[in-house]
There are 2 protein chains.
Amino acid sequence: MKNNLEIYADVDNCPIRNVLDRIGDKWSMLVLLVLNESDVLRFNEIHKVIGSISQKMLSTTLKNLEADGLIEREVYPVIPPKVEYRLTARAESLIPHLLSLAEWAKDNFIPIKQSRERFGS
Amino acid sequence: MKNNLEIYADVDNCPIRNVLDRIGDKWSMLVLLVLNESDVLRFNEIHKVIGSISQKMLSTTLKNLEADGLIEREVYPVIPPKVEYRLTARAESLIPHLLSLAEWAKDNFIPIKQSRERFGS
DNA sequence: CGGTATCCCCAACGATACTG
DNA sequence: CAGTATCGTTGGGGATACCG
């Protein structure tokens, strides 16, 4: 049996690396957390909530998350267009892990910043 | 009180974004998990375990982790040089969250890959 | 409204060579 | 052994304009 280190080191086929490459990008985790708090949102609603994201990056981020089966995209054939996004069950099973990581981050943010400053000297 | 969305969206001061920017880079999480399994390792030992990382990237990754207070660097003043790296208590409190994320990743890797293939069609 | 298309830039990353 | 220094590439990401 392969040990964990071999798995981690195999960048292309490593599950955690594949998942991290997705949620570790600039916007994916943020989009997931936003959708988690709001149940269902339209494209421009997500855009407004995040604010600093460009239309292009929001579009590609949503497409990537959809490709991974983490969000559902529902198109209403009306004019003007209406598109709704919501989390899938798969994403909902991921959310607790993201939130526990977020919790750790909040608890350790101040000391980490202090460490960085001390190190910079 | 600020709600979570405001915190997440404030990219510069958001704890989770700051932490993700570190562990979400190409090598940091891998290095943390490697050190977690081996207690203490020298520079070239980490290099050999990971294999595909360049000396330069290992060096900067270790420096970043040290700056965040996640690893300790101990230099022995001998010739040839000997430098040991180990996790700090702070990193050890992070490891469980990383492992639970890794667990989710392993459980969902196959279906996610299948979703990606279907989406590519 | 919900996107694409296009152009551009910079920082991350790798390869190689060198050093105390 | 444990790194720096230097150079070159590439692709992630932003700005802007346009479209069904």
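Within every chain, numbering begins at 1; the chains are lettered A, B, ... in the order of the sequence lines, protein sequences first and strands thereafter. Excluded from the calculations below are hydrogen atoms, water molecules and symmetry mates; all remaining heavy atoms, backbone and side chain alike, are included.
For the pair B:Arg22 CZ and C:dA12 P, the interatomic distance rounds to 10 Å; values are reported in whole Å. One atom, CD1 of A:Ile53, and another, P of D:dG12, lie 15 Å apart when rounded to the nearest Å. Straight-line distance from the NZ atom of B:Lys26 to the P atom of D:dT10: 13 Å, rounded to whole Å. Here the P atom of nucleotide D:dT4 and the CE atom of B:Met57 are 13 Å apart, to the nearest Å. Atom CG in B:Leu41 sits roughly 15 Å away from atom P in D:dC1 (whole-Å rounding). At whole-Å resolution of the value, CD in A:Glu84 and C1' in C:dG2 are 13 Å apart. Rounded to whole angstrom, the span from the CG atom of B:Leu58 across to the C1' atom of C:dC13 amounts to 14 Å. Rounded to an integer number of Å, the gap from A:Asn44 CG to C:dC1 P is 6 Å.
Under a 3.5 Å cut-off, the side chain of A:Arg17 and the backbone N or O of B:Lys26 do form a donor-acceptor pair.
Remark: B:Arg90 does not engage B:Glu92 in a salt bridge, criterion side-chain N to carboxylate O under 4.0 Å. Using a 4.0 Å cut-off between charged side-chain N and carboxylate O, A:Lys82 and A:Glu74 make no salt bridge.
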(request) Just do the side-chain hydrogen bond (donor to acceptor under 3.5 Å, both in side chains) check on B:Arg116 and A:Asn18 with the steps written out, would you? (result) CA-CA 12 Å; B:Arg116 284 181 191 171; A:Asn18 262 266; 3.1 Å; yes
(message) Between A:Asn64 and A:Thr61, is the side-chain hydrogen bond (donor to acceptor under 3.5 Å, both in side chains) condition met? List the steps.
(response) CA-CA 5 Å; A:Asn64 286 337; A:Thr61 299; 5.8 Å; no
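Along DNA chain C, the nucleotide nearest to B:Asp25 and the one nearest to A:Val83 differ in position, and the one closer to the 5' end is contacted by A:Val83. Along DNA chain C, the nucleotide nearest B:Pro81 and the nucleotide nearest A:Gln55 are compared for position; the residue whose nucleotide lies closer to the 5' end is A:Gln55. Mapped onto DNA chain D by nearest heavy atom, A:Ser54 and B:Lys82 fall at different nucleotides, with B:Lys82 at the one closer to the 5' end.
Applying a 4.0 Å cut-off to non-hydrogen atoms, none of the residues of residues 61-76 of chain A approaches DNA chain D.
For B:Lys63, the side-chain contact (heavy atoms from CB on, under 4.5 Å) partners at least two apart in sequence or on another chain are A:Phe119, B:Ser59.
Checking the phosphate oxygens (OP1, OP2) of D:dA2, a side-chain nitrogen or oxygen of B:Arg42 falls inside 4.0 Å. Taking 4.0 angstrom as the limit, B:Tyr85 places a side-chain polar atom (N or O) nearer than this to OP1 or OP2 of D:dG3. Regarding contacts with the backbone of C:dG2, every side-chain N or O of A:Ser59 stays at 4.0 angstrom or more from both OP1 and OP2.
Remark: the B:Tyr76 side chain and the B:Glu84 side chain contain an N/O donor-acceptor pair separated by less than 3.5 Å.
Here the nucleotide nearest the side chain of A:Lys56, chosen from C:dC13, D:dA15, C:dT4, is D:dA15. With C:dG3, D:dA2, C:dC13 as the choices, the nucleotide that has an atom nearest any side-chain atom of B:Phe43 turns out to be D:dA2.
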